[in-house]
Amino acid sequence: MSIEQNLDLNELMQVRMDKLKELKEKGINPFGQKFNPTYSTKEILDQSEELIASGQEVIIAGRMMAKRGHGKAGFANLQDLDGQIQIYVRLDDVGPEAHDLFLKADLGDIYGVKGFVFITKRGEISVHAREFILLTKSLRPLPEKFHGLKDVELRYRQRYVDLIMNPEVKETFVLRSKIIKAMREYLDNKGFLEVETPTLHNIAGGASARPFITHHNALDIQLYMRIALELHLKRLIIGGLEKVYEIGRVFRNEGISTRHNPEFTMIELYQAYADYEDMMVLTEEMVAYIAEKCLGTTKIVYGDQEIDLTPPWNRMTMIDAVKKYAGVDFKEIATDDAAREVAAKLKVAVPKDATKGSVLNEIFEEYVEPHLIQPTFIMDYPIEVSPLAKKKDDDPNFTYRFEAFIVARELANAFSELNDPMDQKERFTKQVEQREKGDEEAHMMDEDFVRALEYGMPPTGGLGIGVDRLVMLLTNSQSIRDVILFPTLRPRQDI
RNA sequence: GAGCCAUUAGCUCAGGCGGUAGAGCACCUGACUUUUAAUCAGGGUGUCGAAGGUUCGAAUCCUUCAUGGCUCACCA
């Protein structure tokens, strides 16, 4: 099976295949062996004064992104992880064979250069080559050097090309890595233990979402891809691990949008003997720490909005928020009927059998969420929409739960964890009833989780954050696909 | 799932009223030993997303489909 048969050859590729053949005939390996650069392009630019003064040898490697030939000499730009640097290749200095290699070099090829640093007449720090070595021949032409790769579909499908051509894409993903590193650092410093729990679940719990269903052949059982990390992590709290977190992929079989990808990254953490108040402090501190560490500031820009992540963040109960933005005081609403009447008045669609708490939640989403631009904790969620959160001592219709909102989007969800096994069992039972009524997103019964609670879970605070959405916020990305390297797309045969 | 928009050369894009396709970059040939969106002279780019239809004639008009984007719906 030859390469020629594997690749569809247009004329541009045919030219490169011919060059490849010619290189092989000359004994040059077009897909070379390892190479040890001594400097990155950025290091050379940063240390240029010393390097020019000393005249010492530098060894660099990178992809050729531009070439300007002048007969017996020429310039090119090599790109590595950190940026680009210009190289100068002169017949007198590299010899006829390497110079011929330079003449035939294509944009996209990967070369190694040994030489010394100098400044050109026009003032550009460059590497004057003494050796010019082919490391990898590129067979496909790169996109246009000035406009880069714009086609969004191609950018997502062929992220490798996107990364080669668009430096800001590379920056986004480098920053994503730093954000997650800072998150780990913050939690590790607080004594949290990072753990890994199964992604294949017998019961998909911990969130309201439709799962992906899969099958294990040897066991001949149906399995679900996890939709949350919650229930396993709480089992670990019961086991005595006290402070745990997991950063991992979860999978939800739902629509795709600029804010939803079928697989995405969540962090969940649980702290024994803590409550949701502690989680609020932890949330605002951790996000501020990450921003400071990665961006050098807690005042960020998202779209055309300036966001101040400096703690403490605003706090408001859901009831107060609805009172403020929708003008309805749910403290004065006694019955489900009255609540549904209010919903009708506010033109919020709710199911016929909607309860007071779920109506409150709907009105909140419709009337309040769009206003929550600056970081805000919304506290005390209705019990109906919070099947895993502890009831409030002073009002069993509400829970010790909050969500954090920034730029009108949910960033975090946290609560004082429900640790009463009998209550938990009742809540699951209610969820199962919802499920039987056709709500595919309602929880399933998880008997083992109830059993675990029966052994006793200490009072615990838990927190979940959508990592991709946090990265979007901190990298000023408008689509979740811009912070996920390979977003989910429908496959295509024709490209 | 619905609405709107897009799909033309490897890439970025033009193609008024329907007359069988263009530019720049990239590529090829030649010149040029400090250029930088290098320059100069010459050269070829193609299933116009796919399939039907209307028409003497379709990149262009119509229908269906495919893929993507945005908005909405869905969605802790």
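Chain letters run A, B, ... following the sequence lines, proteins first and then strands; every chain starts at 1.
Residue-level contact check: Leu91(A) touches neither bases nor backbone, having no heavy atom under 4.0 Å from any strand. If you check every strand for non-hydrogen atoms under 4.0 Å, Gln86(A) touches a base. Within 4.0 Å (heavy atoms only), Gly148(A) reaches sugar-phosphate atoms of the nucleic acid but no base atom. Asn77(A) comes within 4.0 angstrom of no nucleic acid atom, judged by non-hydrogen atoms across all strands. Within 4.0 Å (heavy atoms only), Lys67(A) reaches no atom of the nucleic acid at all. Residue Tyr381(A) is out of contact with every strand shown, counting any heavy-atom pair closer than 4.0 Å. Nucleic acid contact for Pro262(A): none, since no nucleic acid atom lies under 4.0 Å from a heavy atom of the residue.
The side chain of Tyr88(A) lies closest to rU34(B) when the candidates are rG69(B), rC25(B), rU34(B). Closest to the side chain of Arg90(A), from the set rC75(B), rU33(B), rU71(B), is rU33(B). Here rA76(B) is the nucleotide among rU35(B), rA76(B), rG24(B) with the atom lying nearest to any side-chain atom of Glu403(A). Of the candidate nucleotides rA38(B), rC11(B), rC28(B), rC11(B) has the atom lying nearest to any side-chain atom of Leu154(A). Comparing rU35(B), rU12(B), rC27(B) by their closest approach to the side chain of Lys121(A) singles out rU35(B). Taking the side chain of Glu144(A) as heavy atoms from C-beta on, and the options rG69(B), rU35(B), rG24(B), the nearest nucleotide is rG24(B). Candidate nucleotides rU33(B), rC11(B), rG68(B) were compared by shortest atom distance to the side chain of Leu489(A), and rG68(B) ranks first.
Contact annotation: the side chain of Arg63(A) approaches that of Met65(A) to within less than 4.5 Å [non-hydrogen atoms, C-beta and beyond]. Residues Arg235(A) and Phe449(A) are in side-chain contact: their nearest non-hydrogen atoms beyond the backbone lie under 4.5 Å apart. Looking at heavy atoms from C-beta onward, Phe415(A) lies out of side-chain contact with Lys390(A) at the 4.5 angstrom threshold. In this structure, the side chains of Met444(A) and Val432(A) stay at 4.5 Å or more apart for every pair of heavy atoms.
Pairing for rA21(B) is absent, with no Watson-Crick or G-U wobble pair whose two atom distances lie under 3.5 Å. Nucleotide rA73(B) has no partner under the Watson-Crick or G-U criteria, as no pair reaches both atom distances under 3.5 Å. Both distances falling under 3.5 Å, in either a Watson-Crick or a G-U wobble arrangement, place rA6(B) opposite rU67(B). In this structure rC48(B) sits in no base pair that meets the Watson-Crick or G-U test at under 3.5 Å.
With Phe102(A) as the fixed residue, the ring-ring contact (aromatic ring centres under 6.0 Å, His included) test singles out one of Tyr88(A), Phe132(A), Tyr111(A), Phe75(A): Phe132(A).
Between Val15(A) and Pro143(A), the residue anchored nearer the 5' end of RNA chain B, judged by the nucleotide with its closest heavy atom, is Pro143(A). RNA chain B is contacted by both Lys104(A) and Ser257(A); Lys104(A) maps to the nucleotide lying nearer its 5′ end (nearest heavy atom per residue).
Nucleotide rU12(B) holds its P atom 15 Å from the CZ atom of Phe146(A), rounded to whole Å. Summarising the geometry, the separation between CZ on Arg68(A) and P on rU35(B) is reported as 10 Å, rounded to the nearest angstrom. The CG atom of Leu107(A) sits 9 Å away from the P atom of rC28(B) (whole-angstrom rounding). Rounded to an integer number of Å, the gap from Phe405(A) CZ to rA76(B) C1' is 9 Å. Rounded to an integer number of Å, the gap from Arg157(A) CZ to rU7(B) P is 17 Å. Rounded to whole Å, atom C1' of rC11(B) lies 10 Å from atom CG of Leu12(A). Glu153(A) has its CD atom 10 Å from the C1' atom of rA66(B), to the nearest Å. What separates NE2 of His260(A) from C1' of rC72(B) is a distance of 13 Å, to the nearest Å.
For Arg16(A), no side-chain nitrogen or oxygen approaches OP1 or OP2 of rC27(B) to under 4.0 Å. Taking side-chain N and O atoms only, Thr258(A) has a distance below 4.0 Å to OP1 or OP2 of rU71(B). Between Lys145(A) and the phosphate of rA26(B), there is a side-chain N or O to OP1/OP2 separation shorter than 4.0 Å. An OP1 or OP2 oxygen of rU67(B) is reached within less than 4.0 angstrom by a side-chain nitrogen or oxygen of Arg490(A). Taking side-chain N and O atoms only, Arg481(A) has a distance below 4.0 Å to OP1 or OP2 of rG69(B).
The CG atom of Asn261(A) sits 6.5 Å away from atom CD1 of Ile256(A), with the distance rounded to the nearest 0.5 Å. Rounding to the nearest 0.5 angstrom, the gap separating the CZ atom in Arg401(A) from the CD1 atom in Ile383(A) is 11.5 Å.
A gap of 10 Å separates the C1' atoms of rA9(B) and rC48(B), to the nearest Å. Rounded to the nearest Å, the gap between the P atom of rU63(B) and that of rA23(B) is 33 Å. Nucleotides rC56(B) and rU20(B) place their C1' atoms 13 Å apart, quoted to the nearest Å. When the C1' atom is used for both rC62(B) and rC75(B), the distance is 38 Å, rounded to whole Å. If you take atom C1' in rC61(B) and the same atom in rU55(B), they sit 10 Å apart, rounded to whole Å. The gap from the P atom of rC11(B) to that of rG57(B) amounts to 32 Å, rounded to the nearest Å. When the C1' atom is compared between rG46(B) and rA21(B), the two are found 8 Å apart, to the nearest whole Å. Nucleotides rG49(B) and rG43(B), compared at atom C1', are 30 Å apart to the nearest Å.
No hydrogens or angles were tested; on distance alone, nothing pairs the side chain of Arg122(A) with the base of rU34(B) as donor and acceptor under 3.5 Å. Applying the 3.5 Å distance criterion, the base of rU36(B) shares a donor-acceptor pair with the side chain of Glu124(A). You'll find a donor-acceptor pair under 3.5 Å spanning the side chain of Arg401(A) and the base of rA76(B), going by distance alone.
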Decide yes or no on salt bridge (charged side-chain N to carboxylate O under 4.0 Å, His left out) for Arg315(A) and Glu277(A), but give the supporting numbers first. CA-CA 11 Å; Arg315(A) 293 184 183 196; Glu277(A) 296 270 353; 2.9 Å; yes
Going through the checks in order, is the salt bridge (charged side-chain N to carboxylate O under 4.0 Å, His left out) test met by Asp106(A) and Lys137(A)? CA-CA 8 Å; Asp106(A) 286 308; Lys137(A) 187 70 192 164; 2.9 Å; yes
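The glycosidic torsion of rG24(B) lies more than 90° away from 0, placing the base in the anti range. Glycosidic conformation at rC17(B) (O4'-C1'-N9-C4 for purines, O4'-C1'-N1-C2 for pyrimidines): syn, within 90° of 0. An anti orientation is assigned to rU67(B), its glycosidic angle lying beyond 90° of 0.
For Lys26(A), the NZ atom counts as densely surrounded, since its 6.0 Å shell holds more than 12 non-hydrogen atoms of other residues, nucleotides or ligands.
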